[in-house]
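What follows is a set of notes on a single structure, which appears directly below.
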Amino acid sequence: MTSLEEQIAQRQANLRELEALGVAAYPNRFDRRHTVTELVEAHGGQTGEQLEADRPETVASGRVLGIRSFGKANFLVLSDGREQIQAYIRQDSLPELDFKIFKLLDFGDWVGVAGRLFRTRTNELTIWASRLHFLAKCHLPLPEKWHGLTDIEIRYRQRYLDLAVNPESRRVFEVRSKVVSAIREFMTARGFLEVETPMMQPIPGGALARPFVTHHNALDMELFLRVAPELYLKRLVVGGMERVFEINRNFRNEGISTQHNPEFTMMEFYQAYVDYQQLMTMTEEMIGTVARQVLGTDRVTFNGREISLAAPFSRISLREGAREAASRRLGRDVAADALRSREAAAALATELGVAVDPKAGAGRIATDLFERLCEDRLVQPTFVYDFPTEVSPLSKQCTDDPDTVERFELYIGGFEVANAFSELNDPAEQRRRFEAQLEERAGGDLEAHHMDEDYVRALEYGLPPTGGEGVGIDRLVMVLTGSPSIRDVILFPLLRPASARADRAASGEGHTS
RNA sequence: GACCUGGUAGCUCAGUGGUAGAGCAUCUGACUUUUAAUCAGAGGGUCGCGGGUUCGAUCCCCGCCCGGGUCACCA
């Protein structure tokens with residue numbers, strides 16, 4: 001027998017012995033009075049004398065993460081995933097059967113403990129157990145207690161193990177949950193209505209991205225998982241819902257990286273009567289507020305750099321950022337209009353060693369240059385504003401410059417966290433933009449928009465002046481938790497399936513042939 | 001997709017062209033306030049998978065699988 005098989009057999013033998021003693025192997029409920037975290041929070045600051053005076057009683061429960069045994073005196077470490085507390089299991093302090101249960105416990109089993117709180121000689125907060133209840137068996141050996149589970153692949157594939165033994169991981173997902181709550185609170189307090197729009201769309205739109213394709217059987221209809229809720233949310237503003245937001249998943253059939261998961265969470269909102277300038281103010285207020293509310297501070301450390309999330313954030317126009325970076329790189333002053341004509345922009349890109357797509361116009365080239373030269377330098381929160389119209393088919397042009405739209409992206413930690421613009425509400429112009437997108441599709445760009453006649457019709461009914469924005473929740477949580485990879489903030493990130501053989505080995509099933 | 005890098009006991013990791021190592025975990029024994037408890041003993045491995053070179057491969061070579069990182073694409 002291998003060590004693993006041996007350990008599983010031992011655990012199963014312990015379970016059978018429990019059953020032989022008449023102990024329910026899988027009881028249906030347990031009436032707990034306090035979580036381990038509640039106990040630590042309520043009594044962690046109390047001295048042994050205070051505890052002796054109060055003699056607080058509790059019934060707690062959790063997973064056994066440690067057993068220290070001294071014959072008749074024993075300690076169990078009980079975890080609720082966030083905090084740990086130890087229980088003192090003394091042979092003459094609890095019923096004989098309960099002590100027998102203790103002797104049959106394995107690391108990872110779930111138990112309930114009743115008793116009073118005290119501090120040991122070493123001043124450790126402890127439950128002096130008067131009862132021990134068996135709640136559920138752990139049939140497989142747990143990762144080691146000291147190093148925990150560090151294998152990144154197992155942490156992602158078997159997140160339950162990661163959560164069971166790594167409180168740091170648990171903390172990340174608690175922060176994530178609180179961030180979502182804080183944003184929801186921030187938005188509803190400002191009169192925004194939370195809505196849900198289709199995840200399955202007949203025409204995918206709202207972002208330049210390749211969609212996932214699926215099929216509805218009864219309607220025999222091709223459907224796309226949404227790449228953005230944008231076009232639906234704006235239809236709602238047409239309908240008079242002046243402030244709407246949605247927190248939900250988007251799906252993009254593209255590469256995977258430390259900053260990209262095929263499904264990711266976005267908070268997207270639309271507000272009638274405001275433009276992108278007002279959205280910048282609101283965004284810096286929102287991010288600072290959320291950070292302070294969730295973390296108690298608006299200063300965070302990300303990739304070894306301290307980042308301040310306090311307003312105001314820096315602002316730089318896209319073309320000016322690209323121009324400055326190009327000037328610095330080339331050691332000479334690049335003229336402001338070098339990014340305005342296709343010819344000049346292409347020459348500049350070539351000089352800088354940035355590949356030029358033959359179909360790209362001046363706007364695309366300027367955007368490429370910016371992303372190439374500036375993006376990873378934007379560690380402190382920075383609004384990059386005024387994008388070329390060419391790369392922004394849904395944004396409204398600046399009144400004095402039709403080649404530029406009222407749009408910004410917010411960068412933090414070197415990547416894009418939010419994208420916002422004054423919404424294009426002229427149906428004729430929108431139709432022209434879609435047609436330009438159709439040409440790009442015809443030219444082979446699979447990320448370009450489809451024509452969405454109903455969306456144009458909605459605009460024909462009249463969209464008031466509106467600002468809209470999408471905030472990448474995963475990326476914001478990365479910044480707020482100091483997580484270098486998006487997979488660290490997604491409970492079950494997409495991975496290639498492990499081989500069938502590896503799956504069987506991991507689950508402890510073997511061949512019996 | 002390209003390049004770099006990793007896969008050895010349940011976990012964390014050493015290591016070598018000549019029968020595979022440690023700590024924790026497991027098993028046996030001792031121990032009535034321990035803190036990664038300690039002490040004594042024992043068991044546990046197709047060294048990711050498949051080929052090749054070799055008298056002999058976990059090690060060298062080739063291919064494949066699954067991670068991680070950088071780049072490309074994207075938010």
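Below, chains carry the letters A, B, ... as their sequence lines are ordered, and counting in each starts from 1. Predicted model, so just to flag it, every value in this text is computed and none were measured.
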*Within 45° of the axis and under 6.0 Å from the centre of the six-membered ring of A:Phe492, does NZ or CZ of A:Arg159 qualify?*
no

*Answer with yes or no after comparing the ring centroid distance for A:Phe212 and A:Phe224 against a 6.0 Å cut-off, counting only values under it.*
no

*Do A:Tyr88 and A:Phe75 have their ring centres less than 6.0 Å from each other?*
yes

Using a heavy-atom cut-off of under 4.0 Å over every strand shown, decide if [X] touches base, sugar-phosphate, or nothing.
{"X": "A:Tyr156", "result": "sugar-phosphate"}
{"X": "A:Glu409", "result": "nothing"}
{"X": "A:Asn123", "result": "nothing"}
{"X": "A:Gly66", "result": "nothing"}
{"X": "A:Ser69", "result": "base"}
{"X": "A:Arg487", "result": "sugar-phosphate"}
{"X": "A:Asp151", "result": "sugar-phosphate"}

[X], nearest nucleotide to its side chain (from [options]):
{"X": "A:Phe75", "options": "B:rG68, B:rU12, B:rU33", "result": "B:rU33"}
{"X": "A:Pro143", "options": "B:rG10, B:rA72, B:rC11", "result": "B:rC11"}
{"X": "A:Asp92", "options": "B:rG10, B:rU34, B:rU32", "result": "B:rU32"}
{"X": "A:Ser485", "options": "B:rG69, B:rC73, B:rU34", "result": "B:rG69"}
{"X": "A:Lys72", "options": "B:rU32, B:rU12, B:rG68", "result": "B:rU32"}
{"X": "A:Tyr88", "options": "B:rC73, B:rU34, B:rU33", "result": "B:rU33"}
{"X": "A:Arg496", "options": "B:rG68, B:rG67, B:rU34", "result": "B:rG67"}

*Relative to the ring of A:Tyr385, is the ring of A:Tyr276 parallel (under 30°), tilted (30 to 60°) or perpendicular (over 60°)?*
perpendicular

*Inspect the contact between A:Arg116 and A:Glu57 and indicate whether a charged nitrogen and a carboxylate oxygen are less than 4.0 angstrom apart.*
no

Which protein N or O atoms sit under 3.5 Å from an N or O of nucleotides 23-28 of chain B?
unit_1: B:rG23; atom_1: N2; unit_2: A:Glu144; atom_2: OE1; d: 3.3
unit_1: B:rA25; atom_1: OP1; unit_2: A:Lys145; atom_2: NZ; d: 3.0

*Residue list, side chain to side chain donor-acceptor pair (under 3.5 Å) with A:Thr150, at least two apart or on another chain*: none

_Run the side chain to side chain donor-acceptor pair (under 3.5 Å) test against A:Tyr232 and tell me which residues pass, sequence neighbours left out._
none

*asked:* Only Watson-Crick and G-U wobble pairs with both distances less than 3.5 Å should count. Give RNA chain B in dot-bracket notation, marking inter-strand partners with |.
replied: (((((((..((((....[..)))).(((((.......))))).....(((((..]....))))))))))))....

Give every pair of a protein N or O atom and an N or O atom of nucleotides 2-6 of chain B that lie under 3.5 Å apart, one pair per line with the distance.
none

*asked:* Applying salt bridge (charged side-chain N to carboxylate O under 4.0 Å, His left out) as the test, list every pair that has at least one member in residues 350-359 of chain A; sequence neighbours left out.
replied: A:Arg332-A:Glu351, A:Asp357-A:Arg364

*Could you tell me whether the side chain of A:Arg68 has a donor or acceptor atom within less than 3.5 Å of a complementary atom in the base of B:rU34?*
yes

